[in-house]
Amino acid sequence: MGAGRMNVEDMAKSYEPGPIEDKWYAKWIEDGIFKADPNRDKPPFSIVIPPPNVTGSLHLGHALDNTLQDILCRAKRMLGFNVLWMPGTDHAGIATQNVVERSLMKDGVSRHELGREAFVERVWAWKEEYGSRIIGQLRKLGASCDWDRERFTMDGGLSRAVRRVFVELYNKDLIYRGKYLINWCPRCLTALSDLEVEHRELEGRFYSVLYRFADGGGGDGITVVTTRPETILGDTAIAVHPRDERNRHLAGRRVSVPITGRVIPVIEDNMVDPEFGTGAVKITPAHDPNDFLVGARHGLESIQVIDAHGVMSDEAGTYKGLDRFEARRAITEELKNLGALPAVDGRKHSVGHCYRCNTIIEPYLSEQWFVRAQSLAKADIEAVRAGAIRFVPEQWTQTYYQWMENIRDWCISRQLWWGHRIPAWHCADCGETTVSLETPISCKCGSANLTQDEDVLDTWFSSALWPFSTMGWPDDTDALRVFYPTSVLVTGFDIIFFWVARMIMMGLEFMGREPFRDVYIHALVRDEHGQKMSKSRGNVIDPLVIIDKYGADALRLTLTALTLQGRDIFMSESRIETYRFFLNKLWNASRFALMNLADAPGDIAPPGGGDEPHLRLHDRWIIARVSDVTSEMTRLLEGYFFGEAARLMYDFVWNELCDWYLEMSKPALRGDEGPCRKAASQKVLYHVFRDVLKLLHPIIPFVTEELWEAFAYGGGIIGRGEWPVAKSYAGAESAERDMAFLRDIVRAIRNLRAEVKLPPQKAAPMVSLRLKDPDKTAPVRENCDMVKLLAKVGEIELSPLDAPKPAKSIATVTADWELFFPVGGMMDVGREIARFEEEIKKLDAEMKRVSGKLANENFIQRAPAEVVEKERTALAEGEARKRRIEENLEGLRRQ
RNA sequence: GGGCAAUUAGCUCAGCGGGAGAGCGCCUCCCUCACACGGAGGAGGUCACUGGUUCGAAACCAGUAUUGCCCACCA
């Protein structure tokens, strides 16, 4: 009896993921199959997870990203690799601080009332309570991370790495501090890097402002154009281009700023575009990045008229205390009254917004820390150019180069409380700054009057170290030796610059090796209309809801199947349904197999292949196909063709295994063909399912695990089982060819049957199958076999092969064979005549095309011989076919 | 301003030099003892446009148009 195999009566009629998923996940953890061991004697394969924010909740982007990583890890484990998938979370500076601040606000407390130390404690407490939520959600998805190694970007080891990197970069003069104009968020009250600013096209205004001459020379004044009239309070010059014929004569003159009356010079600078506007531009060094540079070149004064909160400062005179946008309206009004506002034009321009809170960014003059990026970027470009790092899909390489080649210094200091405090101490006595691994006791000057820099580091600074900091760096660990560089990084294109580029930067600098060989960039998950999912749009699909409803496997399979290289994924619940149905199909096909294995022995030797006795064509065919699919699947996963891999399995299982093999094996399994055929069929069934479940396991681990157990394949858990081996055999090719032929015949019969409305099952049509060319003998034996098979599966009743051609019949041609279908009075003669006439018309057109082609000498000469041959055969067959149709037509007309 | 991608059936997309494919949707028939979360059949397309390369182009090249995305110190 089917030793250990599950009784089909115990299996639900349709697949219910319910408790199955939790059960298996717990079992996998218990058995420790996700654990990596550096001492294992197997080739290493490693991935570091893109650490989700501790504040995060699993969204579809995570679900996709981690499903793909999980597929790779599970497949590699089965392929015999020593797999490390390193998990963890990111402290997410601003995001987390904002979340905790908001929760404080509910109690009516601000972080300032609480004080820095107490606030940071609150964040840690919050992290303890909620920080593992996303980890739990990743487990629900089935992520096979080595959880014992879970890290957090602010844990002890990683903080040590961060400090070490900062100090070393500082000592190499790759980190510096200075007062510059940076991107400032007036709501978060912190500096932001260029990347953290999101530019959006907004409908804005161009204000033309008249600056009257104040030097007694001739003329009225100079008109300049600005989008930000409120900044004129901080103007310290007007600039023109030195070679601008129109305006050059203005250089050296003096004008007075409207409202303030401040007298400022007209200077020359190359930065001015003589073609733009009036060719003259106002210079506000404290409030515009370009103007800041001009100011520095010309030694201009910087007057800060807007403060950190985006409110007009003391320098703004009567406007002091007004919000920057209120001030804009008020100042515009006053300019108008002064007659200094000749024109206001509407115009689109792009405005920077904070990527965390969407507040409009204010360029702000302040003291910040920077990483000198240009010198580091050279090695980063080289590493990709030399092939040490490869982007998949390749198109991202271009994006990467472009950014790296134009890289600017990275502002790494944030005026936040949550994050890695900058390891720099300022001396109150001499003003010197000491940067050090350990907290210094005294300054170089001997003073003990030291205070640590208030700022923390950009979150992405610690993320940049993730591939090696998580493995124990700066210590020399086994993990680093075995698993660094990691094999592949899987992430979305939205963080190529934020994260991928900076990991490359830090990895090369501190490890001397690239952090990963391949970078697989996947697309964004959007809603079914291609819209970005967002809470405000209300189109968010919550993966956890999906998992509850359909199971993690359905979600994983859907995301995987929709992942085409480089394309965005449009997701909707109805799409998930398609793939859920597949799981059910697999489930029921397995039930069918198990049902038919009930009386088979427990351990079944694998079928031999072509020469195995008692195998029929379809048996040999499915064995060959499993082998093909195995090598194809292996190749696809190797090349990160996830969508293709998922669809390969989907199509194979459904359209080949279920629709053809299982159907055709029914007579033998029923015992209609005797005990030998039954045993042989059971053997094939058993081994086909074994390989299919293995191949599917990386994508849909839960259901395959459950079925693996039901089949009692043994050898432990499927995740540990070996990947199937593609094994072809002599005759595999002909089995596939013959099967294709057989399928054509069956389709032809069904087609006819549907046309004459012969109800299925009620009566099988009488047909005869005859070799077109009686001299040809080669496939006869095989095809007799096939015809018997057809009869067995109830498609046809046979008339003797040598029976005379029925008087009134339809002839359908397939390869070397003709199929005769005696129609009796079963069809609508008029309709059939029309159909034949239509067909002849089509044939004529086709033959005209082909014969035209064959008459073309160029074609004959230059096209490959087999192509020409193919066309010749097509022509000959077409003619023969036409003749036959005409014959039949003749017969029909006589009726 | 620079760059990247896309444009093929009603919808979502494969195909990337030898005469158009899938899934969903639609129509017809069938609750056949694995599965109606199923089975069988069918209808439906100038492959965005214009040139070029080629014996041959949906595919390669150039340009145009439309859409989406990224980058940029567009006062």
Side-chain angles (χ1 to χ4, degrees), chain A residues 8 11 13-15 181 194-195 199 206-207 224-228 231 239 271-273 276-284 288-294 347-350 363 393 395-396 398-399 401-403 406 408 493-494 496-497 523-524 526 528 530 532 561-562 564 566-570 572 574-575 577-596 643-644 647 650-651 654-655 658-659 662-663 666 670 746-747 750-755 757-762 794 846 849-850 853 856-864 866-868 870-871 874:
Chain A
V8 177
M11 291 174 75
K13 256 188 103 174
S14 58
Y15 175 57
L181 200 66
D194 294 338
L195 285 176
H199 292 273
F206 264 11
Y207 300 87
V224 303
V225 172
T226 179
T227 53
R228 303 196 57 196
T231 63
M271 155 276 211
V272 183
D273 175 3
F276 192 94
T278 59
V281 58
K282 70 187 210 60
I283 303 297
T284 322
D288 181 278
N290 270 324
D291 297 4
F292 177 77
L293 296 174
V294 174
R347 161 123 184 186
K348 277 198 170 150
H349 65 141
S350 92
Q395 72 202 58
W396 295 108
Q398 178 76 9
T399 309
Y401 285 145
Q402 218 186 318
W403 188 71
N406 299 303
R408 295 190 307 152
F493 61 80
D494 48 333
I496 290 183
F497 305 140
L524 236 56
R526 299 170 178 279
E528 59 190 312
K532 219 168 175 168
L562 295 177
L564 283 318
R567 288 274 224 144
D568 281 353
I569 297 168
F570 296 174
S572 71
S574 69
R575 262 163 229 186
E577 218 145 60
T578 306
Y579 295 97
R580 177 178 61 132
F581 293 161
F582 173 79
L583 297 181
N584 191 54
K585 187 76 179 173
L586 177 70
W587 180 261
N588 274 296
S590 301
R591 281 180 63 223
F592 169 82
L594 285 164
M595 194 177 283
N596 286 291
E644 289 82 349
R647 278 173 304 172
Y650 182 101
D651 291 341
W654 205 309
N655 303 128
C658 292
D659 287 353
L662 295 187
E663 291 304 328
K666 278 177 180 174
R670 233 184 271 134
V746 172
R747 264 193 284 263
R750 288 176 181 167
N751 188 321
L752 292 174
R753 187 155 60 183
E755 250 170 65
K757 300 226 161 37
L758 189 65
Q761 255 23 47
K762 297 273 161 56
E846 172 72 7
R849 182 186 68 78
V850 176
K853 203 165 169 180
N856 183 334
E857 257 180 57
N858 274 323
F859 173 69
I860 303 292
Q861 278 167 17
R862 327 237 337 212
E866 63 267 25
V867 174
V868 177
K870 214 177 101 191
E871 296 289 14

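Note that this is a predicted model, so its numbers are computed, not measured.
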Gap between atoms [atom1] and [atom2], on [X] and [N] respectively (whole Å):
X        : N     : atom1 : atom2 : result
A:Tyr650 : B:C35 : OH    : P     : 18 Å
A:Trp587 : B:G38 : CH2   : P     : 16 Å
A:His349 : B:A75 : NE2   : P     : 8 Å
A:Phe582 : B:C24 : CZ    : P     : 13 Å
A:Asp273 : B:C74 : CG    : P     : 10 Å
A:Asp291 : B:A75 : CG    : C1'   : 7 Å
A:Glu644 : B:A22 : CD    : P     : 17 Å
A:Leu524 : B:C4  : CG    : P     : 20 Å

Work out how far the [atom1] atom of [N] is from that of [M], and round it to whole angstrom.
N     : M     : atom1 : value
B:C60 : B:U54 : C1'   : 10 Å
B:G45 : B:C61 : P     : 29 Å
B:C24 : B:A20 : P     : 24 Å
B:G18 : B:C31 : P     : 45 Å
B:A48 : B:A59 : P     : 8 Å
B:C16 : B:A58 : C1'   : 8 Å
B:C33 : B:C47 : P     : 45 Å
B:C55 : B:U50 : C1'   : 23 Å

**Fill in**
Read 5' to 3' with Watson-Crick or G-U pairs under 3.5 Å, [ ] for crossing pairs and | for partners on another strand, RNA chain B gives ((((((((.[[[[.)..(..]]]].(((((.......))))).....[[[[[..)....]]]]])))))))....

Which atom of [X] lies closest to which atom of [Y], heavy atoms considered:
X        : Y        : value
A:Ser14  : A:Asn588 : CA-ND2, 4.4 Å
A:Cys658 : A:Leu662 : O-CB, 3.7 Å
A:Leu562 : A:Ile569 : O-CG1, 3.5 Å

Which of these nucleotides, [options], is closest to any side-chain atom of [X]?
X        : options             : result
A:Met595 : B:G3, B:A34, B:A5   : B:A34
A:Ala863 : B:A75, B:G18, B:A34 : B:G18
A:Asn588 : B:A5, B:A75, B:A34  : B:A34
A:Asn858 : B:C55, B:A34, B:G18 : B:C55
A:Asp659 : B:A5, B:G39, B:G18  : B:G39
A:Phe581 : B:G38, B:A5, B:G3   : B:G38
A:Asn856 : B:G3, B:A34, B:C55  : B:C55
A:Phe570 : B:U12, B:A75, B:C35 : B:U12

**Complete:** Ranking A:Pro864 and A:Lys348 by the position along RNA chain B of their nearest nucleotide, the one closer to 5' is A:Pro864

**Asked** Want to settle it: does A:Ser14 or A:Ser590 sit nearer the 5' end of RNA chain B, counting the closest nucleotide to each?
**Response** A:Ser590

**Asked** Donor-acceptor pair under 3.5 Å: do we get one between A:Lys585's side chain and the base of B:C35?
**Response** yes

Give one of base, sugar-phosphate or nothing for [X], where a contact means two heavy atoms less than 4.0 Å apart.
X        : value
A:Arg347 : base
A:Val272 : base
A:Lys13  : sugar-phosphate
A:Thr578 : sugar-phosphate
A:Ala280 : base

**Message:** Does B:U67 count as syn, meaning its glycosidic angle lies within 90° of 0, or as anti?
**Reply:** anti

**Message:** With a 4.0 Å cutoff (strictly under), does any side-chain N or O of A:Arg862 reach OP1 or OP2 of B:C55?
**Reply:** yes

Who are the salt bridge (Lys or Arg N to Asp or Glu O under 4.0 Å) partners of [X], not counting sequence neighbours?
X        : result
A:Lys853 : A:Glu871
A:Arg228 : A:Glu230, A:Glu362
A:Arg408 : A:Asp194

**Request:** Test side chain to side chain contact (heavy atoms under 4.5 Å, CB included) on A:Asp291 and A:Met271 and set out the steps.
**Result:** CA-CA 9 Å; A:Asp291 297 4; A:Met271 155 276 211; 3.8 Å; yes

**Item:** Qualifying residues under side-chain hydrogen bond (donor to acceptor under 3.5 Å, both in side chains), relative to A:Thr231, sequence neighbours excluded
**Value:** A:Lys282

**Message:** Which residues pass the side-chain hydrogen bond (donor to acceptor under 3.5 Å, both in side chains) test with A:Gln402, not counting sequence neighbours?
**Reply:** none

**Message:** Once ring-ring contact (aromatic ring centres under 6.0 Å, His included) is applied, do any residues pair with A:Phe497, and if so which ones, sequence neighbours excluded?
**Reply:** A:Trp403

**Request:** Using ring-ring contact (aromatic ring centres under 6.0 Å, His included) as the criterion, list what pairs up with A:Tyr207, not counting sequence neighbours.
**Result:** none

**Request:** Supply the atom-to-atom distance A:Phe582 CZ to A:Asp651 CG, rounded to the nearest 0.5 angstrom.
**Result:** 9.0 Å

For nucleotides 67-72 of chain B, list the nitrogen or oxygen atoms of the protein found under 3.5 Å from its nitrogen or oxygen atoms, one pair per line.
none

